[in-house]
Amino acid sequence: MKFYNTLTRKVEDFVPEDPSRVRMYVCGPTVYDYAHIGNFRPMVVFDSLNRLLRHKYGQDAVVYARNITDIDDKIINQAIATETTIDVITDRTIAAFHDDLDALNVAAPDHEPRCTEYVEPMVAMIEELIEGGFAYAAEGHALFDIHSYEKYGKLSKRSLDDMRAGARVEVAPYKRDPGDFVLWKPSTDEQPGWPSPWGRGRPGWHIECSAMSKSCLGETFDIHGGGLDLIFPHHENEIAQSCCANGTEVMARHWMHNGYLTVEGEKMSKSLGNFFTVKQLRDEGWGGEVIRFSLLSAHYRQPLDFSRDKMREMKAQLDRWYGFLKESGDPEAGEVDERVIAALSDDLNTPQAIAILHELTDRPADLKASATMLGLLQQDSESWFKGEVSDDENAEIEALIEKRKQAKADKDFATADQVRDQLTSMGIVLEDKSGGVTEWKRG
RNA sequence: GGCCCGAUGGCAGAGUGGUGAUGCAGAGGAUUGCAAAUUCUUGUACGUCGGUUCGAUUCCGGCUCGGGCCUCCA
């Protein structure tokens, strides 16, 4: 297997440190509001990688950790803005997040650490950094001294000079260098806080992932993933914290970053307002599988322009595949085609893998098995085509089909067509099969 | 200002130093009461200017255009 490594900007062979325990960490959401689909791209991309790794190294040979950030100023502000508590915000958002992940067929990670449960390790790590001379306390804050780490900027390929030139934010007076970043900051009485050697306060953003990845996976691990926008400063800072605190050369050996989701060519973002939430799309009737497939339709490092047209096309492709599965009686999963594995093993080339799936339509059992690698085609064709259907609804549809069948037998095609139109208006599409059998599906 | 990424046929989207993936849409045929589904056939590509090469969409450089990052956005 080989994957692009942001550290070297090259596609490199992937060799886990311990093949019986392949360790991957992915940055999860900050739970202050519904996540938009851009936030779900890494969830789906790294879920597919998770599936590939397990296929390759064994179902139990992968340890996958994906955090939830439940301490953040955005959460505090959201609680104030909506006049509720932080717990209400985070609980509600996490529940919605998990519900969306289920819809997208994203498997649960082995660890899903929440920041609030790891404050102690964070404090301990900050203390280590200060003791080691990598950080300093000032006015209730603890700050990382970027000059103490000579490799600072290596991941994002920035020099300290570059950063200083670009500093666009007001520099706090207690910082020794504008690039120094917050490890711990003081909380007011109204804000959530934890005791620390620097006073009551809360952790900065980056320290959480350093502490949680260490707790869940160890000081070094194999893959660290996330969105492109995390390269700087988040991942750069994680590396500095972890390597300095742990005295290690590397934090993660392989850094993988997915490209942005765009809308009409522009990055999807909350501030631009050009986003869709998964909930919104599901409410419009788009299946989670269609959304998932759309997110995998481009290579993970490429920008992906998201649109309803794209989902329409993805749905059409899934219809076709499910049609083949249905025709062959929904077979049990067969063999995963090696070419699919080869495609995914080549820097997670999902479009190539999808192209191969299209060649497997004469081998439905293998198609189903191969699609599992992408988390697709896992439902039976009946539920794909019909969805939820009540007994009453089913009886009504069947009665109309029977009526049409009789009309056809009587050569009363006007009535037959009228019944078809009636069903169409109900969102039901008929398919006449050989032998006088008529089947239906939702349009 | 610094840094990073991209530019492929109507659309989406891989890939490759030389025999033009894949899907959708389009056109034509088979099938069909109609329709759907299926199936067969089929067209159109590599931003621009140079360089390297027997040969470049593929490597190198300039340019143009687009996107992104530069302290808390996946």
Applied to residues 200-211 of chain A, the salt bridge (charged side-chain N to carboxylate O under 4.0 Å, His left out) test, sequence neighbours excluded, yields A:D73-A:R202
Rounded to whole Å, CG of A:L272 lies from P of B:rG67 at a distance of 11 Å
Rounded to whole Å, the CG-C1' distance (A:D229 to B:rC3) equals 16 Å
A:Y25 atom OH is separated from B:rA74 atom P, nearest whole Å, by 13 Å
Side-chain atoms of A:T30 come closest, of B:rC69, B:rG6, B:rA74, to B:rA74
Rounded to whole Å, CG of A:N39 lies from P of B:rC73 at a distance of 11 Å
Say we look at B:rG68 and B:rC73: how far apart would their C1' atoms be, to the nearest angstrom? 12 Å
message: Measuring only the P atom in each nucleotide, how far is B:rU58 from B:rG47? A whole number of Å is fine.
response: 8 Å
So the salt bridge (charged side-chain N to carboxylate O under 4.0 Å, His left out) pairs with at least one residue in residues 138-154 of chain A (sequence neighbours excluded) are A:K151-A:E249
Separation of B:rC5 atom C1' from A:R9 atom CZ, nearest Å, is 9 Å
Can you name the atoms? Protein N/O to nucleotides 10-12 of chain B N/O, anything below 3.5 Å, with the distance.
residue	atom	partner	partner atom	Å
B:rA12	O3'	A:K310	NZ	3.3
B:rA12	O2'	A:K310	NZ	3.1

Check every strand shown and say whether A:K185 touches a base, only sugar-phosphate, or nothing at a heavy-atom separation below 4.0 Å. base
Please check the phosphate of B:rG15 (OP1 and OP2 only) for any side-chain N or O of A:N349 closer than 4.0 Å.
-> yes
A:H254 meets the ring pair (Phe, Tyr, Trp, His ring centres under 6.0 Å) criterion, sequence neighbours left out, with A:F14
For residues 398-438 of chain A, the ring pair (Phe, Tyr, Trp, His ring centres under 6.0 Å) pairs (sequence neighbours left out) are none
Exercise. Can you say whether the rings of A:Y152 and A:F232 are parallel (under 30°), tilted (30 to 60°) or perpendicular (over 60°)?
Worked result: perpendicular
Exercise. How is A:A316 classified with respect to the nucleic acid when contacts are heavy atoms under 4.0 Å: base, sugar-phosphate, or nothing?
Worked result: nothing
Per the under-4.0 Å heavy-atom filter, residues of residues 353-361 of chain A near RNA chain B come out as A:A355, A:H358
When every non-hydrogen atom of A:R404 is compared with those of A:A416, the smallest separation belongs to CD-O, 3.4 Å
Heavy-atom nearest nucleotide on RNA chain B taken for A:P42 and for A:R301; more 5' hit belongs to A:R301
For residues 23-44 of chain A, the salt bridge (charged side-chain N to carboxylate O under 4.0 Å, His left out) pairs (sequence neighbours left out) are A:E17-A:R23
Under a 4.0 Å heavy-atom cutoff, the residues of residues 362-387 of chain A touching RNA chain B are none
Separation of B:rC72 atom P from A:K74 atom NZ, nearest Å, is 9 Å
* Using the six-membered ring of A:F46, assess whether NZ or CZ of A:R66 lies under 6.0 Å from its centre and within 45 degrees of the ring axis. => no
A:N274 CG to B:rC73 P, in whole Å, measures 16 Å
Just checking A:G259: base, sugar-phosphate only, or nothing, at a heavy-atom cut-off of under 4.0 Å? base
Mate of B:rC63 across any strand shown (Watson-Crick or G-U wobble, both atom pairs under 3.5 Å) is B:rG47
*Could you verify whether a donor N or O on one side chain and an acceptor N or O on the other, from A:S370 and A:D337, lie under 3.5 Å apart?*
no
Looking at A:K267, I'd like to know whether one of its side-chain N or O atoms comes within less than 4.0 Å of OP1 or OP2 on B:rC69.
yes
As its Watson-Crick or G-U partner within any shown strand, both distances under 3.5 Å, B:rG18 has B:rC54
Heavy-atom contacts, protein to nucleotides 28-38 of chain B, under 4.0 Å, summarised as B (base), S (sugar-phosphate only) or - (none) per nt, yield -----BBBB-S
Residue pair A:E266/A:S269 against RNA chain B: nearer the 5' end by closest nucleotide is A:E266
Check: Strictly by modelled atom types, are A:Y300 and A:D347 linked by a side-chain donor-acceptor pair under 3.5 Å?
Finding: yes
Looking at every strand, decide which applies to A:G38 at a 4.0 Å heavy-atom threshold: base, sugar-phosphate, or nothing.
base
Hits for ring pair (Phe, Tyr, Trp, His ring centres under 6.0 Å) against A:H206, two or more places apart or cross-chain, chain-then-number order -> A:F181, A:H234
Between A:D180 and A:Y136, do the side chains contain a donor N or O and an acceptor N or O under 3.5 Å apart?
yes
Sorted by chain and residue number, the ring pair (Phe, Tyr, Trp, His ring centres under 6.0 Å) partners of A:W286 (sequence neighbours excluded) come out as none
Roughly how many Å apart are B:rC24 and B:rG66, using the C1' atom of each and rounding to a whole number?
25 Å
Sorted by chain and number, sequence neighbours left out, ring pair (Phe, Tyr, Trp, His ring centres under 6.0 Å) with A:H98 holds for none
| message | Can you see whether A:E289 engages A:Y322 through a side-chain donor-acceptor pair at a distance of less than 3.5 angstrom? | response | yes
Expressed as a whole number of Å, how far does the C1' atom of B:rA25 sit from that of B:rG10?
7 Å
When rounded to the nearest Å, what value does the distance between C1' atoms of B:rU52 and B:rC60 take?
7 Å
Quiz item: For atom C1', what is the distance between B:rG29 and B:rG43, given to the nearest Å?
Solution: 16 Å
- request: Name the nucleic acid region contacted by A:H299, choosing base, sugar-phosphate or nothing; use a 4.0 angstrom heavy-atom cut-off, strictly under.
  value: sugar-phosphate
Check your understanding: Are any of the side-chain nitrogens in A:E12 or A:R253 under 4.0 Å away from the carboxylate oxygens of its partner?
Key -> no
Between CG of A:L155 and P of B:rC69 the distance, given in whole Å, is 16 Å
*asked:* Say we look at B:rG20 and B:rU57: how far apart would their C1' atoms be, to the nearest angstrom?
replied: 10 Å
Item to complete: Report the C-alpha separation of A:Q422 and A:L400 in whole Å, then their side-chain angles, then the decisive distance to 0.1 Å, and conclude whether the side-chain contact (heavy atoms from CB on, under 4.5 Å) test is met.
Response: CA-CA 9 Å; A:Q422 186 180 347; A:L400 284 166; 3.6 Å; yes
B:rU42 -> Watson-Crick or G-U wobble partner, both distances under 3.5 Å, gives B:rG26
field: Between B:rU39 and B:rU32 - C1' atom distance, rounded Å
entry: 13 Å
